[in-house]
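Side-chain atoms are counted along with the backbone in the values below, which use heavy atoms only and exclude waters and symmetry mates.
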Amino acid sequence: MALSQALVLRFHKKSPSQSVLTVIRADGTITWSKLYPGMEVHDLAHYAIETELSLSDAFYGLLADGYDIQDFELPRDQRPVALIPANLPLVSLQVEYFVNLLLTELQHGSPITDFIEQLSKMLAEAKLPPLVSLDEPILDEIRKQLRVLLIRWKAVSLGEAMELGLQ
């Protein structure tokens, strides 16, 4: 299967409460997982962050490298050695905090005014460096992209899918 992207992400809406994420790598190999309700938002936030910041070592980069989605769902002591938190690329850990803060913002329904400062504080508490490439204009672009993705996802009919490409 020849793809122009390193990854194709297919979010398939199976029912109102169940969807499936299928990731097709450039070499044609596939990993997939049923998503818990609401996980689409989490995974779309990853997409917005990782694409806007041009990150290749976070969640989708690890999938592109051949790890399976199920590897992340395993208990920590059963995961591949590279996916144990102490061995993950720093950026993948930083992005997880970013995603969670972005989801908190979405739940509250309005932007967190000191978002970057709060994220930096959370990262410092976790003994992680700040995301140096993040500034207010980029944060605004991430928020915009996520809003567009969520609108697109909401418009997907049952039994249909939304596809996204990643370089």
Flag side-chain contact, heavy atom, 4.5 Å: Asn100 against Thr104 | no
Do Asp57 and Ser92 have side chains that get closer than 4.5 Å, going by heavy atoms?
-> no
Straight-line distance of Ile49 CD1 to Gln94 CD, nearest 0.5 Å = 11.5 Å
Is there a side-chain contact between Leu131 and Phe98, using heavy atoms and a 4.5 Å cut-off?
-> yes
Taking Arg25 for the side chain and Leu63 for the main chain, is one N or O donor matched with an acceptor at less than 3.5 Å?
-> yes
Side chains of residues 72-87: which donor-acceptor partners sit under 3.5 Å, not counting sequence neighbours?
unit_1 : atom_1 : unit_2 : atom_2 : d
Glu73  : OE2    : Ser33  : OG     : 2.9
Arg79  : NE     : Leu74  : O      : 3.0
Arg79  : NH2    : Phe72  : O      : 3.1
Asn87  : ND2    : Val81  : O      : 2.7

Between Tyr60 (side chain) and Asp43 (backbone), is there a donor-acceptor pair under 3.5 Å?
-> yes
Would you say Leu158 and Pro16 make side-chain contact, with heavy atoms under 4.5 Å?
-> yes
Scanning both residues in full, the closest heavy-atom pair of Pro137 with Asp135 reads CD-OD1, 3.2 Å
Atom CD of Glu50 and atom CG of Leu7: how far apart are they, to the nearest 0.5 Å?
-> 9.5 Å
Closest non-hydrogen contact found for Leu139 with Ile116 is CD2-CG1, 4.0 Å
d(Asp68 CG, Leu62 CG) to nearest 0.5 Å is 12.0 Å
Please answer whether the main-chain N or O of Ile69 pairs with a side-chain N or O of Thr31 as donor and acceptor at a distance below 3.5 Å.
-> yes
Same apolar cluster: Leu102 and Val148, side chain cutoff 4.5 Å = no
Quick one: pull up CD1 in Ile151 and CG in Leu146 and give me the separation to the nearest 0.5 Å.
-> 10.0 Å
Got Met162 and Leu44 here, is their nearest side-chain heavy-atom distance under 4.5 Å?
-> yes
With Gln18, which residues qualify under side chain to side chain donor-acceptor pair (under 3.5 Å), at least two apart?
-> none
Spatial distance of atom CH2 (Trp153) from atom CZ (Phe11) [nearest 0.5 Å] = 7.5 Å
Any donor-acceptor pair under 3.5 Å linking the side chain of Glu160 with the backbone of His12?
-> no
May I ask you to check whether His46 and Glu96 show a side-chain donor-acceptor distance below 3.5 Å?
-> yes
Which residues pass the side chain to side chain donor-acceptor pair (under 3.5 Å) test with Glu52, sequence neighbours left out?
-> Gln145
Taking every non-hydrogen atom, the tightest pair across Pro37 and Ser17 = CG-O, 3.5 Å
Spell out, as yes or no, whether a donor-acceptor pair under 3.5 Å connects the side chain of Thr51 to the backbone of Tyr47.
-> yes
Which residues share a side chain to side chain donor-acceptor pair (under 3.5 Å) with Gln118, sequence neighbours left out = Asp114
Those residues that, when tested against Met122, pass side chain to side chain contact (heavy atoms under 4.5 Å, CB included) (two or more places apart) | Tyr97, Leu101
Can Val23 be reached from Met39 by stepping across I, L, V, M, F, W or Y side chains whose heavy atoms are under 4.5 Å apart?
-> yes
Student check: side-chain heavy atoms of Ser19 and Glu40 closer than 4.5 Å | yes
Check against side-chain contact (heavy atoms from CB on, under 4.5 Å), Leu149 and Leu164 | CA-CA 10 Å; Leu149 291 169; Leu164 303 170; 3.7 Å; yes
Separation of Leu9 CG from Ile24 CD1 (nearest 0.5 Å) = 9.0 Å
Donor-acceptor contact below 3.5 Å, side chain Lys34 vs main chain Val20 = no
Taking C-beta and beyond as the side chain, do Val8 and Leu166 meet within less than 4.5 Å on heavy atoms?
-> no
Scan for salt bridge (charged side-chain N to carboxylate O under 4.0 Å, His left out) pairs involving residues 137-156, sequence neighbours excluded, and state none if there are none.
-> Glu105-Arg143, Asp140-Arg143, Glu141-Lys144
